[in-house]
Amino acid sequence: MNVQTNPQSAGVTEVKVNDFVIKIGNVNGTGSASANGLLMKSIFRMGVPVVGKNLFPSNIQGLPTWYEIRVSKDGWTARKGDVDLMVAMNLESYEQDLKSVSPGGTLLYDSTWPRPKLHGREDITVIGVPLARMTNSEFANARTRVLMKNMAYVGAVAALTGIDMDVIRSLVEDTFKAKPKLIEPNMKALMLGFDYIREHYEALPLRVEPMDETRDCILIEGNDAASLGCVYAGATFGAWYPITPSTSLMDGFKKHCQNLRVDKETGKNNYCIIQAEDELAAAGMIIGASWNGARAFTPTSGPGISLMSEFIGFAYYAEVPAVFFDIQRVGPSTGMPTRTQQGDILLAAYASHGDTKHIVLFPADPKECFELSVDAFDIADRFQTPVFVLSDLDIGMNEWMVPRFDWDDARQPDRGKVLHAADLENVEKFYRYLDVDGDGIPYRTIPGEHPKGAYFTRGSGHNKFGGYTEDSVAYQEVLDRILRKWQNAADQLPRPVIQTAAKPTRRGIITVGGCDGAVREAIAQMAENGLDFDYLRVKAFPFHSDVDAFLAEHDTVFVVEQNRDAQLRQLLINESTAEKKQLIPILDYSGMPADTGLIARMISEHCEGQTQ
């Protein structure tokens with residue numbers, strides 16, 4: 001084992017500038033998240049594109065946790081599959097962390113407890129820093145020692161990779177501006193690690209050098225972005241039952257409402273948030289609020305959608321707008337609550353018993369979480385139906401670098417076909433489910449505005465006039481109209497993103513949501529090896545006509561998604577012109593964020609020996 005930093009001894013010759021991966025292994029509950037976030041944000045402040053992936057267990061304390069920082073001068077956001085610098089702070093995961101280091105990479109560990117013969121590798125550099133010994137000698141409180149040890153390894157990494165300590169100090173000052181007494185202890189711990197590296201080691205061939213590529217960007221989690229979108233959409237009511245990984249969406253909504261939805265003159269809140277007794281109750285509450293004219297939503301995950309299904313079917317059949325955020329996690333059942341997946345695609349598309357088809361939106365990053373959240377409320381009102389926003393844990397709970405959000409102050413909410421009191425004065429008779437305009441969308445009213453707008457809302461059989469029925473023809477007429485309304489929505493929803501290859505090709509790739517970054521990078525890598533692909537990312541269901549056009553132009557289409565059962569592929573078979581043999585599934589359901597290398601490898605292996 002080479003306990004040194006001479007890159008030549010480990011076979012390393014290339015200096016990687018603003019293009020490498022740092023991974024930190026620690027123990028959950030030790031406060032490492034703040035230190036890791038500080039490290040990532042310092043790189044961001046140096047103008048270098050960066051993204052962080054927090055891989056944490058579902059228990060509160062004790063199990064291993066990891067944090068990956070992808071430094072990418074080209075702005076790639078996916079996991080690369082390599083680890084250039086591993087900071088191994090957890091003895092329980094040390095062997096696993098050592099194995100994860102790429103050949104020629106570096107492992108940094110706490111040498112307070114030397115382990116020269118433990119799990120040796122000759123193809124990497126190993127750096128020992130006595131982090132615990134240094135912090136124990138400088139700080140008296142046991143909890144403080146644990147926290148400061150994390151800051152010390154940030155200082156060590158900064159020294160090894162050239163991160164500007166003035167930038168780190170400015171971040172520390174910003175972080176603790178409300179508690180200024182904490183600034184100097186944290187800086188002291190940072191300098192312990194920084195100075196130790198400077199005294200005992202050389203810098204690594206991994207360099208962070210200033211750029212100017214983050215000026216118009218922000219770091220934000222998808223759930224926070226979605227919650228801000230709800231506020232900008234005009235949502236005033238939210239109900240939820242806490243569940244990982246969606247709870248922070250409602251936390252964000254509360255935070256933004258406290259800033260933006262409190263009457264400055266009276267001090268009264270112009271919003272209402274209720275923590276329900278369970279997910280079924282939360283669904284009922286938002287459907288009731290929406291029926292009464294409010295814009296309402298609930299954030300949940302797959303298990304919550306399962307519990308809400310009966311109410312979702314009611315809203316579909318009674319044609320009540322409502323917005324459901326499904327921040328997907330690993331299933332089935334409880335599954336792995338703190339791992340990411342795309343396992344709810346079919347669940348959202350067909351939620352509830354009987355014949356139901358729903359509108360589903362698929363954001364790929366936090367910026368789209370904001371934009372599609374706003375769109376979701378307009379779409380729900382326009383088509384008088386539940387709308388699902390299908391995010392996932394990776395998007396929702398990790399900080400992504402995205403362009404600053406745009407907002408048009410002239411934008412007005414689209415409330416759809418609503419007859420208010422003045423409109424009803426000119427109507428001879430109002431029938432709730434009558435298709436007056438021939439587009440499948442009836443008119444609705446807001447309860448209490450005018451006696452003519454009164455009707456009985458029911459989830460039992462009803463005819464186009466709103467009356468109860470068990471007549472087969474009358475029942476089918478309403479159900480067929482609802483289907484026609486859903487079909488007509490397809491080309492009014494966000495269009496798919498299409499990227500055309502530099503060379504003509506009959507091969508295509510289709511994906512959805514958070515796979516986007518990994519797939520686009522994989523396409524770029526494969527193009528360098530002579531494999532070209534056109535690309536389409538689905539943003540909404542029902543599928544836009546562009547999807548059918550893309551399928552018609554390609555003989556082979558790889559469908560990349562994060563679930564076992566190829567749910568997007570199945571949805572394409574069900575609801576597009578795709579032929580089953582045309583669609584090749586590329587699946588990763590490990591619970592980890594999408595991996596560029598894995599996707600490129602699986603597709604390339606399938607294409608071996610074939611022509612374009």
Side-chain angles (χ1 to χ4, degrees), residues 24 26-47 50-52 54 56 60-61 65 67 69 131 135 138-155 157-158 163-194 214-215 217-228 230-231 242 247-264 267-271 273 275 366 370 396-402 404-405:
I24 302 160
N26 216 317
V27 179
N28 199 39
T30 57
S32 60
S34 297
N36 299 338
L38 179 74
L39 182 59
M40 182 191 68
K41 289 173 183 176
S42 65
I43 298 169
F44 176 80
R45 283 205 179 181
M46 289 181 68
V50 65
V51 66
N54 191 17
F56 59 100
I60 296 175
Q61 188 166 334
T65 183
Y67 190 75
I69 299 174
L131 297 165
T135 52
E138 296 291 337
F139 302 98
N141 180 274
R143 179 61 178 170
T144 300
R145 288 173 171 176
V146 173
L147 296 173
M148 295 306 165
K149 185 170 68 171
N150 298 329
M151 297 300 283
Y153 72 64
V154 171
V157 171
I163 298 174
D164 191 333
M165 286 300 292
D166 289 337
V167 171
I168 292 181
R169 183 176 185 91
S170 71
L171 269 170
V172 171
E173 291 173 349
D174 289 347
T175 301
F176 297 109
K177 60 185 176 182
K179 299 178 180 179
K181 290 182 179 180
L182 296 178
I183 293 173
E184 288 311 316
N186 278 276
M187 286 305 305
K188 183 178 183 179
L190 282 159
M191 294 309 300
L192 287 173
F194 185 88
T214 64
R215 179 185 301 274
C217 296
I218 59 173
L219 290 171
I220 190 170
E221 296 178 358
N223 284 353
D224 194 21
S227 68
L228 186 63
C230 292
V231 173
T247 297
S248 60
L249 200 159
M250 190 60 83
D251 293 339
F253 183 67
K254 178 182 177 182
K255 174 187 69 177
H256 295 307
C257 283
Q258 288 172 338
N259 290 332
L260 302 170
R261 284 281 173 78
V262 178
D263 189 288
K264 293 181 180 180
K268 290 184 177 181
N269 293 336
N270 293 322
Y271 65 95
I273 299 173
Q275 180 176 328
F370 172 77
M397 294 190 70
N398 284 320
E399 285 188 308
W400 293 53
M401 189 188 91
V402 295
R404 292 183 182 277
F405 300 163

Are Glu173 and Ile183 packed together at the side-chain level, in the sense that at least one heavy-atom pair is separated by less than 4.5 angstrom?
yes
Indicate the atoms forming the closest heavy-atom contact of Phe56 with Met397, along with that distance.
CZ-CE, 3.8 Å
Kindly compute the distance separating CD (Gln275) from OG1 (Thr247), expressed to the nearest 0.5 Å.
8.5 Å
Going by the salt bridge (charged side-chain N to carboxylate O under 4.0 Å, His left out) test, which pairs reach into residues 175-192, not counting sequence neighbours?
Glu138-Lys188, Arg169-Glu184
Side-chain donor-acceptor pairs under 3.5 Å in residues 31-38, sequence neighbours left out?
| from | atom 1 | to | atom 2 | distance (Å) |
| --- | --- | --- | --- | --- |
| Asn36 | OD1 | Tyr153 | OH | 2.6 |
| Asn36 | ND2 | Ser32 | O | 3.2 |

Give a yes or no answer on whether the side chain of Asn150 reaches the backbone of Thr30 with a donor-acceptor pair at less than 3.5 Å.
yes
To check you understand the geometry: which heavy-atom pair defines the closest contact between Asn223 and Ser248, and what is its length?
ND2-OG, 2.8 Å
Please round to the nearest 0.5 Å and tell me the distance separating atom CE of Met165 and atom CG of Leu190.
5.0 Å
Straight-line distance of Ser42 OG to Ile168 CD1, nearest 0.5 Å
4.5 Å
Heavy-atom pair of closest approach, residues Arg143 and Gly29:
NH1-O, 3.3 Å
List for me each residue that meets side-chain contact (heavy atoms from CB on, under 4.5 Å) alongside Ile220, sequence neighbours excluded, and say none if there are none.
Ile218, Asp224, Ala225, Pro366, Val402, Phe405
Residues pairing under salt bridge (charged side-chain N to carboxylate O under 4.0 Å, His left out) where one sits in residues 26-46, two or more places apart or in two chains, turn out to be Lys41-Glu399, Arg45-Asp174
Side-chain contact test, heavy atoms from C-beta onward, threshold under 4.5 Å: evaluate it for Leu192 versus Met148 and give yes or no.
no
Listed by chain and number, what are the side-chain contact (heavy atoms from CB on, under 4.5 Å) partners of Ala152, not counting sequence neighbours?
Leu131, Thr135
Would you compute the distance between atom CE of Met151 and atom CG of Asn186 and round it to the nearest 0.5 angstrom?
4.0 Å
Check: Asn54 side chain, Tyr67 main-chain N or O, donor-acceptor pair, under 3.5 Å:
no
Separation between CG (Leu39) and CZ (Phe44), nearest 0.5 Å, reads 14.5 Å
Solution key, residues 257-264 side-chain donor-acceptor pairs under 3.5 Å, sequence neighbours excluded:
| from | atom 1 | to | atom 2 | distance (Å) |
| --- | --- | --- | --- | --- |
| Asn259 | ND2 | Lys255 | O | 3.4 |
| Arg261 | NH1 | Ala235 | O | 2.4 |
| Arg261 | NH2 | Val231 | O | 2.6 |
| Asp263 | OD1 | Glu265 | N | 2.8 |
| Asp263 | OD1 | Thr266 | N | 2.9 |
| Asp263 | OD1 | Thr266 | OG1 | 3.3 |

Between the CG atom in Leu249 and the CG atom in Leu228, the distance rounded to the nearest 0.5 Å is 10.5 Å
